[in-house]
Amino acid sequence: LKETDEVTVNDGFKKEMSLEATKMDIDIVYEDDYLMVINKPSGLVVHPGNGNQSNTLVNGLLYYTKNLSQKEEFRPGIVHRLDKDTSGLMLVAKDDKTHELLSEMFKEKQVHREYIALLDGVFPQEKAIIDAPIGRSREQFDKMEVRKDGKRAVTHLEVIKKYSKNTLVRLVLETGRTHQIRVHLSYIGYPVHNDPVYSKKETTEFGQFLHSAYLKFVHPITHKTLEFQEDLPLTFKDFIDNLELFSLLANVADVKSLVIHPATTTHSQCTEEELLDQGIRPNTIRLSIGCENIDDIIQDLDEAFKAVA
């Protein structure tokens, strides 16, 4: 080849992409003439790409409205993104001017975002700043990694609660690199629980326990301060509830069985004989419940032990 030669490459994989509107339920937390705030469920891809041509958030947004920014051809409305299995709050622009202003706000760190994550392992400190550059992996192109020649990446971490084998944390991004939280936490040895890419443990279909829980910014057009908070998805919340229950049991010495103490309510009450008839023996833990709830409580305890074992 000489310097002025023209080279044509036909890789045989080129495929025309088209965006189709797809009917889907979208949890819209806020909407006005300029933007929307969406609560994205875990498992939903944000925009079409390799291997995901349909049933993305973008396809659903196109069905919902024709008013979306067109700054990027196959990502109408998308100012920033969340990974497929990351749930929670994200912004959508409805026109190009709003898109440009929001993008500049992200660049200037004027959009405050907080994430909640469950980590594998017990994090030793109460607070930490992870400052480690991130770049694309040379071995696996779909993964990111901490590397010296990567882009600056800073994550602020604060512990919410420590469990026997896990830690619930709040995270604030100072930068916004691809997979930043997941890469940083894996790098320091406390990967996000159930992360199918950056955790070495077996995972379930739910994916990483990472949730965009809080969003605050000044509206780029109306200049009003907007603030949003979104609860954890049910699967995430149920797992935390199980950890809480397991912690309660683990903190009681010599737990061998369980006593259910009938609550003082208007419901029918269980006598001690009725409890014994159901196989409930005296023990060191007492739960105040109605008699009709005993089976549910016993099942919940059993599931809790299995979930965190």
Side-chain angles (χ1 to χ4, degrees), residues 24-30 37-46 56-57 60 80-91 112-123 126 128 130 155-173 179-186 188-216 227-250 296-297 299-309:
M24 68 174 62
D25 292 328
I26 301 176
D27 186 359
I28 300 175
V29 179
Y30 173 84
V37 177
I38 304 295
N39 178 29
K40 188 189 85 68
S42 173
L44 179 63
V45 176
V46 171
T56 70
L57 176 60
H80 67 118
R81 60 185 292 273
L82 296 177
D83 296 335
K84 173 189 172 184
D85 293 330
T86 299
S87 58
L89 298 167
M90 62 177 293
L91 277 164
H112 183 77
R113 293 173 288 167
E114 294 183 6
Y115 294 77
I116 302 296
L118 184 68
L119 313 187
D120 285 334
V122 182
F123 194 75
E126 296 301 319
I130 309 167
T155 303
H156 297 258
L157 180 154
E158 180 181 3
V159 170
I160 298 174
K161 187 162 185 179
K162 299 179 182 182
Y163 300 97
S164 61
K165 297 180 181 179
N166 301 92
T167 309
L168 189 66
V169 299
R170 179 180 292 105
L171 301 147
V172 176
L173 294 178
H179 298 180
Q180 177 173 318
I181 289 175
R182 300 163 66 192
V183 171
H184 270 173
L185 293 174
S186 177
I188 64 173
Y190 297 90
V192 177
H193 180 70
N194 207 53
D195 191 326
V197 178
Y198 297 100
S199 171
K200 297 179 180 179
K201 296 184 178 181
E202 185 177 348
T203 60
T204 67
E205 291 183 359
F206 180 75
Q208 63 268 8
F209 280 50
L210 178 60
H211 178 67
S212 175
Y214 180 80
L215 188 64
K216 183 178 180 180
E227 187 176 16
F228 306 95
Q229 188 165 341
E230 194 62 40
D231 291 338
L232 297 174
L234 186 59
T235 299
F236 196 156
K237 184 178 182 301
D238 284 348
F239 193 87
I240 294 297
D241 288 344
N242 286 337
L243 288 178
E244 293 283 357
L245 186 54
F246 183 78
S247 294
L248 171 66
L249 298 177
D296 291 338
I297 291 293
Q299 182 178 350
D300 288 346
L301 286 170
D302 184 56
E303 292 176 355
F305 276 116
K306 290 179 180 177
V308 299

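Bear in mind that the values here come from a model prediction, so they are computed numbers and not experimental data.
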Trainee: Between the side chains of N194 and S199, is a donor N or O closer than 3.5 angstrom to an acceptor N or O?
Mentor: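 Per modelled atom types, N194 and S199 side chains form no pair under 3.5 Å.
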Trainee: Is K201 close to D120 at the side-chain level, that is, under 4.5 Å between some pair of heavy atoms?
Mentor: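 Contact flag for D120/K201 side chains = yes.
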Trainee: Donor-acceptor check, side chain of K40 to backbone of V45, threshold 3.5 angstrom: yes or no?
Mentor: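 A pair under 3.5 Å: no.
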Trainee: Side chains of residues 227-236: which donor-acceptor partners sit under 3.5 Å, not counting sequence neighbours?
Mentor:
from : atom 1 : to   : atom 2 : distance (Å)
E227 : OE2    : Y214 : OH     : 2.3
E230 : OE2    : N39  : ND2    : 3.3

Trainee: Under the side-chain contact (heavy atoms from CB on, under 4.5 Å) criterion, do R182 and V197 qualify, and how do the steps go?
Mentor: CA-CA 9 Å; R182 300 163 66 192; V197 178; 3.6 Å; yes
Trainee: Taking the side chain as every heavy atom from C-beta outward, state whether I181 and L210 have any pair of such atoms under 4.5 Å apart.
Mentor: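 Result yes, sub-4.5 Å side-chain heavy-atom pair found.
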Trainee: With rounding to the nearest 0.5 Å, note down the distance linking OG in S186 to CG in L119.
Mentor: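 It is 11.0 Å, given to the nearest 0.5 Å.
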Trainee: Could you please spell out the steps behind the side chain to side chain donor-acceptor pair (under 3.5 Å) verdict for Y198 and H179?
Mentor: CA-CA 9 Å; Y198 297 100; H179 298 180; 2.7 Å; yes
Trainee: What residues, two or more places apart in sequence or in another chain, satisfy side chain to side chain donor-acceptor pair (under 3.5 Å) together with E126?
Mentor: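 Result, side chain to side chain donor-acceptor pair (under 3.5 Å) vs E126: K162.
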Trainee: Do M24 and I26 make a side-chain contact, defined as non-hydrogen atoms from C-beta onward lying under 4.5 Å apart?
Mentor: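 Side chain of M24 against side chain of I26, heavy atoms only: contact under 4.5 Å found.
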Trainee: Going through the checks in order, is the side-chain contact (heavy atoms from CB on, under 4.5 Å) test met by M90 and L57?
Mentor: CA-CA 11 Å; M90 62 177 293; L57 176 60; 3.7 Å; yes
Trainee: If we only count heavy atoms from C-beta on, is the L173 to Q180 side-chain gap below 4.5 Å?
Mentor: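 When only atoms from C-beta onward are counted, Q180 and L173 do touch, with a gap below 4.5 Å.
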Trainee: When rounded to the nearest 0.5 angstrom, what distance separates CG in L157 from OH in Y190?
Mentor: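 L157 CG to Y190 OH: 10.5 Å, rounded to 0.5 Å.
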Trainee: So how far is it from L168 CG to I160 CD1, rounded to the nearest 0.5 Å?
Mentor: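 Reported to 0.5 Å precision, the distance equals 4.5 Å.
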Trainee: Any sub-3.5 Å donor-acceptor pair from S42's side-chain atoms to F206's backbone N or O?
Mentor: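 Yes: the side chain of S42 pairs with the backbone of F206.
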Trainee: If you round to the nearest 0.5 Å, how far is CZ of F209 from CD1 of I240?
Mentor: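 Interatomic distance, I240 CD1 to F209 CZ, rounded to 0.5 Å: 7.5 Å.
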Trainee: Got a sec, which residues hit side chain to side chain donor-acceptor pair (under 3.5 Å) with K216, two or more places apart in sequence or on another chain?
Mentor: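 Applying side chain to side chain donor-acceptor pair (under 3.5 Å) to K216 gives none.
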Trainee: May I have the step-by-step check of side-chain contact (heavy atoms from CB on, under 4.5 Å) for V37 and L91, ending in yes or no?
Mentor: CA-CA 5 Å; V37 177; L91 277 164; 3.8 Å; yes
Trainee: Rounded to the nearest 0.5 Å, what's the gap from NE2 on H184 to OG1 on T155? Could you check?
Mentor: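 Nearest 0.5 Å value for the NE2-OG1 distance: 5.0 Å.
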Trainee: Would a 4.5 Å heavy-atom cut-off, applied to side chains only, mark K161 and T167 as touching?
Mentor: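 Contact flag for K161/T167 side chains = no.
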Trainee: Could you measure the distance from the CD atom of Q208 to the NZ atom of K84? Nearest 0.5 Å is fine.
Mentor: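 Atom-to-atom, Q208:CD and K84:NZ are 9.5 Å apart.
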Trainee: Looking only at side chains, do H156 and E158 share a donor and an acceptor under 3.5 Å apart?
Mentor: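 The answer is no; no qualifying pair exists.
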